[in-house]
Amino acid sequence: MTTLTSTRRDTACTAPRRPGVLSRLRGMLAVRVQRRALARLDEHALRDIGLTRDTALSEANRPIWDVPQHWLR
């Protein structure tokens, strides 16, 4: 009788990979699009999401690399 063994490593034990350059660039561009959309919202829409015009513009003017740490994982 022949016994087969597997040499495949369990992927659950490996450390997560950091995002590549293209992935990070796509993320930065997505942030830019979202922040521009936020800046274009009218007063009623801003009130619906609980923001003032000043807060929305402050967020919209942040640099594209200035994002919360949990977005980078």
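Here the structure is a predicted model, which is why all the values come from computation and not from measurement.
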**Report entry** Non-neighbouring partners of S58 that pass side-chain contact (heavy atoms from CB on, under 4.5 Å), sequence neighbours left out
**Finding:** none

Query raised in the report: Checking side-chain contact (heavy atoms from CB on, under 4.5 Å) for the pair I49/L41: CA distance, chi angles, key distance, verdict?
Result: CA-CA 10 Å; I49 61 174; L41 291 178; 4.0 Å; yes

Query raised in the report: Considering residues at least two apart in sequence or located in another chain, which fulfil the side-chain contact (heavy atoms from CB on, under 4.5 Å) criterion with D42?
Result: H44, A45

Let me check something: any side-chain donor-acceptor pairs from residues 29-38 under 3.5 Å, sequence neighbours excluded? List them with distances.
unit_1: R35; atom_1: NE; unit_2: E59; atom_2: OE2; d: 3.1
unit_1: R35; atom_1: NH1; unit_2: R62; atom_2: O; d: 3.4
unit_1: R35; atom_1: NH1; unit_2: P63; atom_2: O; d: 2.8
unit_1: R35; atom_1: NH2; unit_2: E59; atom_2: OE2; d: 3.2
unit_1: R35; atom_1: NH2; unit_2: D66; atom_2: O; d: 2.7

Query raised in the report: What pairs of residues pass the salt bridge (Lys or Arg N to Asp or Glu O under 4.0 Å) test when at least one of them lies in residues 46-58, not counting sequence neighbours?
Result: E43-R53

Query raised in the report: Excluding sequence neighbours, so at least two apart, what forms side-chain hydrogen bond (donor to acceptor under 3.5 Å, both in side chains) with T55?
Result: T52

